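I have placed the structure first, in the form of structure tokens, so that the comments after it can refer back to it.
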Amino acid sequence: TKDESTKDEL
Amino acid sequence: MNIFRLAGDMTHLFSVLVLLLKIHTIKSCAGISLKTQELYALVFATRYLDIFTDYISLYNTCMKLIFLGSSFSIVWYIRRHKIVRRSYDKEQDTFRHHFLILPCIILALLINEKFTVKEVMWTFSLYLEAVAILPQLVLLQRTRNIDNLTGQYIFLLGAYRSLYILNWIYRYFTEQHYVHWITWISGLVQTLLYADFFYYYFHSWKNNEKLQLPA
């Protein structure tokens with residue numbers, strides 16, 4: 001699965 | 001959330017508060033580039049499209065609303081407020097900011113992680129944020145006397161970007177699969193644009209002089 005973790009940044 | 005990320009968000013928040021303080025209490029936007037503020041409003045409007053679709057945390061939603069609200073109200077103040085708008089130096093703020101938008105759209109269409117509307121808009125906002133400070137930096141070069149609040153505003157923005165880089169380095173080593181080239185490269189470009197300003201800012205601070213950029 002693709003990591004979406006930057007989307008939690010502003 | 002790590003300490004660098006939190007400190008980065010807080011300096012970003014403080015930068016906006018400093019600018020609003022200047023505009024709201026002193027009723028002046030002297031030395032502030034409307035072009036840069038309009039670009040920031042566009043950056044947040046295109047980046048935070050997920051505000052109603054993806055819930056991340058209360059913190060995240062609140063911060064997004066603050067950045068959206070503050071960026072649009074700053075633009076409103078400079079354009080519409082009957083006292084503030086008089087202090088806007090239109091003749092000096094001549095950067096053709098519209099010409100930054102088209103290359104960012106093209107770049108976002110060509111280089112993105114996923115070809116969907118939301119993803120392309122998000123990528124566009126990253127590219128645009130990287131260069132959005134340029135009109136402000138050009139205006140700063142032209143303004144011989146930079147007041148304290150304007151200097152602090154730009155310093156805080158630069159600090160916010162630098163802290164985000166530390167946050168990415170930290171996350172890279174502590175989280176698995178944390179590789180985001182688009183975010184990192186555009187973020188790095190953005191931070192490098194502040195290098196010159198930082199040099200003169202620290203120089204004036206060290207010598208206890210008023211901040212002045214060379215012509």
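In what follows, chains are A, B, ... by sequence order, proteins preceding strands, each numbered from 1. Keep in mind it's a predicted model, so treat the numbers as computed, not measured.
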Turns out that what part of B:N167 lies under 4.5 Å from chain A's heavy atoms comes down to side chain
Out of B:R5, B:K64, B:M63, which one racks up the most heavy-atom pairs below 4.5 Å with chain A?
-> B:R5
Is the backbone N or O of A:E9 less than 3.5 Å from a side-chain atom of B:Y164, with the two atoms forming a donor-acceptor pair by type?
-> no
So which of B:W122, B:W168, B:Y48 has the biggest tally of heavy-atom pairs under 4.5 Å with chain A?
-> B:W122
Chain A heavy atoms under 4.5 Å from B:N60: which part of the residue, side chain, backbone, both or neither?
-> both
In terms of heavy-atom contacts, does CG of B:L188 have more than 12 from other residues, nucleotides or ligands at under 6.0 Å?
-> yes
Find the distance between CG (A:D8) and CG (B:D54) and round it off to the nearest 0.5 Å.
-> 11.5 Å
Does a sphere of radius 6.0 Å around CH2 in B:W205 hold more than 12 heavy atoms from other residues, nucleotides or ligands, not counting ones at 6.0 Å or beyond?
-> no
Would you indicate whether B:Y55, at its atom OH, is surrounded by more than 12 heavy atoms from other residues, nucleotides or ligands within a distance under 6.0 Å?
-> yes
Other residues, nucleotides, ligands: >12 heavy atoms within 6.0 Å of B:Y172 OH | no
Is it true that atom NE2 of B:H81 has more than 12 heavy atoms of other residues, nucleotides or ligands lying nearer than 6.0 Å?
-> yes
Considering residues, nucleotides and ligands other than B:F14, do more than 12 of their heavy atoms fall under 6.0 Å from its CZ?
-> no
Test item: A:K7 and B:K118 side chains (from C-beta on) under 4.5 Å apart, heavy atoms | no
